[in-house]
Amino acid sequence: MVVDGVDDEAVDRLFHALADATRRDILRRCVRGELSVSRLADDYPMSFAAVQKHVTVLERAGLVTKQRRGREQLVRTDPEAVDRARKALDELETAWRGRVDRMSRLLEEDTEPEADDTTEGPDR
């Protein structure tokens, strides 16, 4: 599947990044504004290094950008990347709806009574 010129590998990275609840939470929190990795780490029951790894996965997927400001690394959500994820899901939905519609039509055709060409009675 290619979404807006993004290949399958990039879409795989995108959905891999979104598959984790902590990463989705980081993404949501960074939509509201830049947060430092250390500030993000304060709110999770895991090490700073673990939060850094989550941020790196999000960054590789293109969902966030990091910018160094002094000693801090600031994380910001990239709204265009989130839009690409939405478009990829929309394409999948369209494909599946088409398949479901085709299956429904096939089932309707299969269950419709066939015309009976025979006539009952002793004359036949």
Side-chain angles (χ1 to χ4, degrees):
M1 168 173 54
V2 177
V3 180
D4 285 348
V6 180
D7 63 9
D8 281 343
E9 193 174 312
V11 172
D12 288 347
R13 282 192 305 272
L14 185 70
F15 288 115
H16 169 73
L18 293 171
D20 183 85
T22 300
R23 291 191 287 266
R24 290 190 306 272
D25 189 58
I26 290 170
L27 194 63
R28 275 191 296 274
R29 290 175 63 202
C30 293
V31 163
R32 296 183 216 126
E34 290 179 333
L35 289 173
S36 68
V37 176
S38 58
R39 174 64 187 100
L40 287 167
D42 288 343
D43 293 333
Y44 299 106
M46 62 184 76
S47 68
F48 176 82
V51 173
Q52 272 186 313
K53 287 180 182 179
H54 281 298
V55 170
T56 298
V57 170
L58 289 167
E59 187 178 31
R60 285 186 184 143
L63 290 164
V64 300
T65 57
K66 279 193 308 193
Q67 179 183 11
R68 185 166 286 287
R69 193 172 300 152
R71 291 177 15 165
E72 293 185 314
Q73 291 184 38
L74 299 176
V75 181
R76 174 185 301 234
T77 298
D78 180 354
E80 290 178 16
V82 175
D83 191 50
R84 283 192 301 274
R86 184 192 53 76
K87 286 179 181 176
L89 286 172
D90 288 348
E91 285 187 18
L92 287 170
E93 179 186 18
T94 299
W96 278 104
R97 283 185 186 272
R99 290 178 182 173
V100 169
D101 289 345
R102 284 191 300 277
M103 286 190 303
S104 294
R105 283 192 302 274
L106 287 171
L107 288 171
E108 285 174 10
E109 290 172 7
D110 193 44
T111 59
E112 288 178 0
E114 294 183 24
D116 190 6
D117 290 340
T118 62
T119 338
E120 290 186 33
D123 297 355
R124 218 66 194 158

How many angstroms lie between atom CG of Leu40 and atom CZ of Phe48, to the nearest 0.5 angstrom? 9.5 Å
Arg97 and Glu93 ion-paired at < 4.0 Å: yes
Are any of the side-chain heavy atoms of Thr22 and Met46 separated by less than 4.5 Å? yes
For the atom pair CG (Asp43) and CZ (Arg29), what is the distance rounded to the nearest 0.5 Å? 4.0 Å
Min side-chain heavy-atom separation Glu59-Thr65 under 4.5 Å: no
Main chain of Ala17, side chain of Arg23: is a donor-acceptor contact present, judged purely on distance under 3.5 Å? yes
Show your working on side-chain contact (heavy atoms from CB on, under 4.5 Å) between Leu35 and Ile26 and close with a plain yes or no. CA-CA 9 Å; Leu35 289 173; Ile26 290 170; over 6 Å; no
Report yes if the side chains of Asp20 and Asp25 come closer than 4.5 Å at any heavy-atom pair, otherwise no. no
Cluster question for you: counting only ILVMFWY and a side-chain heavy-atom cut-off of under 4.5 Å, with indirect links fine, are Val31 and Val75 together? no
What distance do His16 atom NE2 and Leu58 atom CG have between them, rounded to the nearest 0.5 Å? 9.5 Å
Rounded distance [0.5 Å steps], CG in Leu74 versus CD in Gln67: 6.5 Å
Side chain to side chain, Val64 and Asp78, heavy atoms closer than 4.5 Å: no
Between Asp83 and Arg86, is the closest basic N to carboxylate O distance under 4.0 Å? yes
Lys66 vs Glu72 side-chain heavy atoms within contact, under 4.5 Å: no
When rounded to the nearest 0.5 angstrom, what distance separates CZ in Phe15 from CG in Leu92? 6.0 Å
Determine whether a donor-acceptor pair (N or O, by modelled atom type, separation under 3.5 Å) exists between the side chain of Arg76 and the backbone of Glu34. no
Search all heavy atoms of Ala85 against all heavy atoms of Leu18 and return the closest pair with its distance. CB-CD1, 3.9 Å
Look up atom CG in Leu63 and atom CG in Leu27, then write down how far apart they are to the nearest 0.5 Å. 5.5 Å
